[in-house]
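As structure tokens, the structure follows; a few thoughts come after it.
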Amino acid sequence: GNSVTQMEGPVTLSEEAFLTINCTYTATGYPSLFWYVQYPGEGLQLLLKATKADDKGSNKGFEATYRKETTSFHLEKGSVQVSDSAVYFCALADTNAGKSTFGDGTTLTVKP
Amino acid sequence: GAGVSQSPSNKVTEKGKDVELRCDPISGHTALYWYRQSLGQGLEFLIYFQGNSAPDKSGLPSDRFSAERTGGSVSTLTIQRTQQEDSAVYLCASSLVALAGAETQYFGPGTRLLVL
């Protein structure tokens with residue numbers, strides 16, 4: 001079956017540091033890949049997505065590239081802010097079915 | 001607002017009681033999903049509905065769990081004879097179309113269930 005493995009947290013960074021959260025997946029076919037974010041006290045929301053190999057999703061300074069050869073979708077940001085503190089979830093959606101598979105989430109804390 | 005809404009926001013119940021959790025998806029969204037998020041864990045898929053098709057129930061953990069969607073809109077997740085291990089946040093999401101695979105899911109705020 002499908003699976004998503006995320007870098008374990010929690011991750012603590014200083015403001016303006018570089019962020020990488022690793023995500024690898026196992027899937028049959030060609031899934032779509034997503035990063036969702038859950039800010040404190042808020043619901044899950046889409047951060048970015050990519051639907052095919054070599055696509056790059058980007059939003060709010062975050063980027064992730066769909067790498068089929070390494071089955072990865074690592075999340076990066078060049079300079080994090082305190083407001084980026086949240087839980088980040090990597091997910092894949094099977095193109096032949098509706099359900100998505102989520103990673104366990106990575107908690108990011110950014111200190112001023 | 002126009003987002004996904006869930007009720008109640010919190011539910012405390014005694015072991016062995018039945019509970020019903022409600023989800024109102026975004027108007028016009030044909031796909032609806034239920035997930036469970038236990039403390040410190042990721043999202044566990046439970047069930048999804050797509051239009052008038054038979055729901056995918058493959059994620060339901062036991063026959064104590066069931067869900068229905070009336071009129072292609074509101075959905076109710078029912079847990080019978082609740083157990084302490086059912087304590088979790090239950091999330092509902094909706095999207096325009098499920099089978100396209102790339103559709104963004106819009107999540108509700110969740111129902112926090114505590115079984116004593």
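In what follows, chains carry the letters A, B, and so on, assigned in the order in which the sequence lines appear, proteins first and then strands, with residues in each chain numbered from 1.
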Is B:I47 in contact with chain A via its backbone, its side chain, both, or neither, using a 4.5 Å heavy-atom distance?
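No part of it gets close to chain A.
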
Counting only non-hydrogen atoms closer than 4.5 Å, does B:Q37 touch chain A with its backbone (N, CA, C, O), its side chain (CB onward), both, or neither?
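For B:Q37, the contact with chain A is made by the side chain alone.
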
When hydrophobic residues are tied together by side-chain contacts of less than 4.5 Å, even through go-betweens, does A:L108 share a cluster with A:V4?
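Yes, because A:L108 and A:V4 connect within a single hydrophobic cluster, where side-chain heavy atoms sit under 4.5 Å apart.
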
Proximity breakdown for A:Q38 and chain B, heavy-atom pairs closer than 4.5 Å:
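Only the side chain of A:Q38 comes within 4.5 Å of chain B.
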
If you count every heavy atom of other residues, nucleotides or ligands that lies below 6.0 Å from A:E69 atom CD, does the total exceed 12?
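Above 12, so yes.
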
For A:E8, I'd like to know if atom CD has over 12 heavy atoms of other residues, nucleotides or ligands within 6.0 Å.
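Check fails, neighbour count at 12 or below.
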
Once you round to the nearest 0.5 Å, how far does [atom1] of [X] lie from [atom2] of [Y]?
X      : Y      : atom1 : atom2 : answer
B:F45  : A:S100 : CZ    : OG    : 9.0 Å
B:F107 : A:L46  : CZ    : CG    : 9.5 Å
B:Y35  : A:L44  : OH    : CG    : 9.5 Å
A:L48  : B:T104 : CG    : OG1   : 10.0 Å

Considering only heavy atoms from C-beta outward, does the side chain of A:D104 approach that of B:L43 to under 4.5 Å?
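Side-chain contact under 4.5 Å: no.
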
Within the structure provided, determine whether B:Q105 and A:Y36 are in side-chain contact (heavy-atom separation under 4.5 Å).
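In short, these two side chains touch, coming nearer than 4.5 Å.
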
So, using ring pair (Phe, Tyr, Trp, His ring centres under 6.0 Å) as the criterion, who are the partners of B:F65 when residues are at least two apart?
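Per chain and number, B:F65 pairs via ring pair (Phe, Tyr, Trp, His ring centres under 6.0 Å) with no residue.
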
